[in-house]
Every structure is written in structure tokens, then in C-alpha cells.
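Structure, as C-alpha cells:
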Amino acid sequence: MSLPSESGATSWVDTANQSGNGFPLLWLPYCAFTPVSASGPASWPDLAAPMAEEPNPGLVPHLGVGIGAFILDLHKLQTSGLLSDLPAKLQSACRSIHLNGLMGCGPSAWSALRERLFDLLMWSGPDCTHDQAQQRLVAALLTPMAQAIFHKPVWTENYTDFYASLHHARNVGRLFRPDEPLLPNYRWLPIGYHGRASSLIVSGTPVRRPHGQCKAGSESAPVFQPSTRLDYELEVAAYVGVGNPLGSRIPIEQAAKCLFGLSLLNDWSARDIQSWEYQPLGPFLGKSFATSVSPWVIPMDALAPYRTRLTPRPASEPAPLAYLAEPDSNLSGLDITVETYLSTAQMRERRIPAQRLSQANLRDLYWSFAQMLTHQTSNGYNLKIGDILASGTISGEQPGSQGCLLEMTKGGEVPLCLPTGEQRTFLEDGDEVSLRGYSEREGLPMVSMGECRGRVLSATE
Ligand code: CA
């Protein structure tokens, strides 16, 4: 549900009304953050910083809401009494360090909080003295985004990685099975595997190059060494907001309502480890060493104006089985552009901006998040609040839309050329990958999913 006439409303936070800011009044995404004092550490850890699951584990995060160039502190908003008309359980959830408590309050509470935040941040005109007093109270609870350290916004127990982009599946399939790039099951069910939730890290946390067993095709035995074919995968994560008891299923008609929001996700992948270990049981250590998530969770309510139909399947392809048939296919997809950028150590030294490697759109997925969720519970599996369903690598049909290096470089055969003259087939130490997401629908302000960033650290001895 979206709020009435919100697309035309403006905020008294000036930066929210600036075109291109990406965090307008109708967006209001959530995060978990700690403020940095003017003399404090940089917002993001540098290469020399010690590895840590969270960039600054000594501070207790507060939940926040993005508006313009600022974060509104939800915790302080509640303790200031500005949420006192909301249910006690919802107010208590606003003082948590993760969004799980808010998710547990249910969809009507998600909308109620969003509506209250909208009212607090909306510009009502110059003559409303009551609102001006309230505005001063709220303004005191804003922290500039540039002065925040972000933390994982959600406590996630289970993480599933799907394979919902047919273009990605076909491009990768061509590398290994030129005669049959897509296996017969692809068009019938959302393919996925269970990932590891404990190695989920927030954007900005560096990623250590993993060791593993790697075997060149020409060799008779593998060697244990640092991966030489390290890759990223451009994905979007959907957070489960309503789970289901073990043994029950979530029907497709209810699936969309069980999703709380979306974030960007980078499924770091060691292709040499993966290609040796994956048969016959699928991804394992080539994937589990790190998965990055962006700090912002975009509520599904905020995404409502950006809904669209998934790109239609050709008439020759099978319709989904009844349990996967969307009740309204006009709303099954999202018009969100997603991009990958790469910056090498040399590029940063020479102040050359990060280079865009790919651009694709979420509406080109073959399977919707609702279909993924319903399929995941179709055997009675119990999804839990905070679980992640990731889209899988998002690629398009055209050149320049491939969401990982494996696809772009055709398995490491065709190197990328960078502005420094450097070449890449896979990631080198010091390379920084940044994922971005945004939408620029006509008649609506530009909205941003923020950034999911990670820099590659050299392997340990
Ligand atoms: Ca993946």
C-alpha cells in the first residue's frame, strides 16, 4: 500500500526535494547506524583496518530512516514521545538494533509507522505553528548520512540464493554446455540453493580472498591455494517479514505481503573453487566466505509506485504451474535499474572514477520474488522473519548488462580493459566493487537503493 498523494508531497528536509538525491519523502528506507563525531573515524574501514563483522562493533546501533541527505534516528524519535500514538510493541521495536522487531509487528504496523514518519517529515506550509514546533524536535534527531557508520540492518538466520535471471543462467550455461545452455527445469521452477547467513556482511566491510581447492583442467590433482578467479554477483535481496510454521505453505496470493523490503546484495564467488567442488551437490565453499548487503532496506510499501510486470515470456514457453501463477502479473516485477562499478587501487591513486561494468533492470527477471517465496515454502519449509531470498545474478540480454565477471569475460577468456590500461578477467587485491540501484520512473522522483560496496583484501598466509 502506498500513501495517498505521496508522490507530489514535499519534505521540510530540503535535500529530500532535490532531484537526483535519491531519498525523497515517498521512499523512507530503513537502516541501522551509529553516528561518527567530527573527529571520529572515517565512515568506512580502509584496507589497513582489522577484519570485523561490523565496521565499529563497540557502538550500539540505532535504527534510522533515510530522508534527503540525513538519517532520522528512530530510537530517539520513540524516546522523545513522537511515536506515542503507535502500539507499544511497535514503539519498542523502534528501539531495537535490527529491523526484525518491526518486521514481527506485521504489515499493518509497517504501514502505520511509515505513515507516521511521512507525517512527521512532510512540509505542511508556513502557517502551521504546531507543525513548526514538532519540526524543530524532529530536526534535532537528524544525522547527516556522511557522518554515519552503517551496520547490518536485519538479523538473518537463513539465506537462500536463487537463479532468477534467465539471461544470466543462459550466459553461464553457454560456457559449460554450448548445446544446452538452459537445463529443462529452469522454465518450471525458481532454481536456488541454501547459502550461509553467518558470513553476511554490511557494505563497506572488506572481503578476504579465500583459500580453497582449485584444479586446472590440465592438471590431474587439485592444489590448495588462494582463489585466482574471484568474482562478484550483482543481486537484490528480499527480506522476509512474515514467516510460516514448519509444515505449512505460503500461497502465491499471500506471498508479496510476506516480504518486508529489498536491499542490494553481492554474492562474492570464487569461480575456481566453485567449479571443482560443485558437482554433484552445488555451491559450497566457493560462495560461503562472504556475502555483502547494502545498509538500506527499501520497504515494499515504498516500492509500490515502481511495480511493473515482469518482461513477458515468449508464447512458446510454459506458463508457471498453478501454485506459482501470480494473481496480478501486472505487478509482479519492479522497475529498478541495477549497476556494477569497479575501482582498482591504481584508479583510486590516479583519481579516476569507478568504471561502470554493467547495467540491468529487475523487471527482466524470469521469476518474481513472490514466486521465489512461494516455491521455497512449497515443501512445508518454514521461512523466518529476517530471512533473505536473493535474486541470483541480475543480467540482461544486451552486451553491458552482465552481472558478474564470469559472464562478462566469457569465463576469463576476454579481459576487460580499464581506463588505466589495466586489464581484468577476475578481481585483483585492492579492487573495489560497488553495486547501485535506482529508479527514474516518469512522474516520480528518482529513488536510490544506496550502495553495496566491498574491497578485496589479499589472502592470509
Ligand atoms: Ca548468486
Side-chain angles (χ1 to χ4, degrees), residues 22-23 29-38 40-66 69-71 97-99 143-156 159 197-210 230-237 239 261-269 289-298 338-345 347-348 353-354 357 388 390 427-438 448-458:
F23 290 81
Y30 295 107
C31 69
F33 77 105
T34 43
V36 181
S37 67
S43 297
W44 305 103
D46 60 26
L47 275 177
M51 290 284 284
E53 188 187 346
E54 302 285 354
N56 196 341
L59 297 173
V60 177
H62 281 188
L63 293 177
V65 180
F70 297 90
I71 302 167
I97 62 170
H98 292 118
L99 289 167
T143 297
M145 286 184 190
Q147 293 174 21
I149 292 176
F150 291 100
H151 302 260
K152 264 194 300 194
V154 178
W155 178 253
T156 297
Y159 152 48
S198 60
S199 52
L200 286 164
I201 51 178
V202 74
S203 171
T205 311
V207 173
R208 180 75 67 188
R209 181 180 296 277
L230 184 59
D231 202 353
Y232 59 82
E233 290 190 340
L234 164 61
E235 303 198 17
V236 166
Y239 285 102
L262 302 185
S263 284
L264 297 163
L265 181 143
N266 185 344
D267 176 29
W268 301 92
S269 300
F289 58 94
T291 306
S292 301
V293 288
S294 56
W296 296 104
V297 179
I298 319 297
V338 285
E339 298 178 333
T340 315
Y341 287 77
L342 175 67
S343 160
T344 69
M347 288 166 72
R348 292 192 296 278
L357 299 188
I388 284 179
L427 297 170
E428 303 282 338
D429 293 346
D431 285 357
E432 185 171 281
V433 177
S434 165
L435 312 181
R436 300 174 197 175
Y438 61 90
S448 169
M449 295 184 73
E451 185 185 34
C452 182
R453 184 162 32 147
R455 197 178 289 185
V456 178
L457 296 179
S458 60

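Computed from heavy atoms alone, side chains included, the values below leave out hydrogens, waters and symmetry copies. One-based numbering along the sequence shown.
- Taking the side chain as every heavy atom from C-beta outward, Val293 and Ile201 never approach each other to under 4.5 Å.
- Proximity of a side-chain donor or acceptor of Ser292 to a complementary backbone N or O of Ala290 within less than 3.5 Å is not detected.
- Of the possible polar contacts, one joining the Arg209 side chain to the Leu427 backbone as a donor-acceptor pair under 3.5 Å is found.
- Ring geometry for His98 versus Trp155: interplanar angle of 30 to 60°, hence tilted.
- Listed here is the closest heavy atom pair of Glu451 and Ser434: OE2-OG, 2.7 Å.
- Between the Thr34 side chain and the Pro61 main chain, no donor and acceptor come within less than 3.5 Å of each other.
- Between Val207 and Tyr232, the closest side-chain pair of non-hydrogen atoms is not below 4.5 Å.
- A distance of 11.0 Å separates OG1 of Thr205 from CG of Leu200, quoted to the nearest 0.5 Å.
- Taking CD1 from Ile97 and NZ from Lys152, the interatomic distance works out to 10.5 Å, rounded to the nearest 0.5 Å.
- Side chains of Tyr438 and Glu339: a donor on one and an acceptor on the other come within 3.5 Å.
- The backbone N or O of Val433 sits nowhere less than 3.5 Å from a side-chain atom of Arg453 that would complete a donor-acceptor pair.
- Here the OH-CD1 distance, from Tyr239 to Ile388, works out to 4.0 Å after rounding to the nearest 0.5 Å.
- Taking CG from Leu262 and CD1 from Ile298, the interatomic distance works out to 7.5 Å, rounded to the nearest 0.5 Å.
- Side-chain contact between Phe289 and Leu230 is present, with heavy atoms from C-beta onward closer than 4.5 Å.
- Taking every heavy atom of both residues into account, Ala354 and Ser343 meet most closely at CB-CB, 4.0 Å.
- Looking at Asn266, its side chain does come within 3.5 Å of a backbone N or O of Glu233 through a donor-acceptor pair.
- With rounding to the nearest 0.5 angstrom, the OG atom of Ser263 is 6.0 Å from the CE atom of Met449.
- Among Phe70, Tyr30, Trp296, the one residue that satisfies the ring pair (Phe, Tyr, Trp, His ring centres under 6.0 Å) test with Phe23 is Trp296.
- Under the 4.5 Å side-chain criterion, counting only non-hydrogen atoms from C-beta, Arg208 is in contact with Ser458.
- Nearest heavy-atom pair, Ser203 versus Pro295, reported as atom, atom and distance to 0.1 Å: CB-CD, 3.8 Å.
- Remark: the backbone N or O of Leu435 is not paired with any side-chain donor or acceptor of Thr340 at under 3.5 angstrom.
- Nearest approach of Pro35 to Phe33, heavy atoms of both residues: N-CD1, 4.0 Å.
- Of all heavy-atom pairs between Gly437 and Leu264, the closest is N-CD1, 3.8 Å.
- Between the CG atom in Asp231 and the CG atom in Asp267 there is a gap of 9.5 Å [rounded to 0.5 Å].
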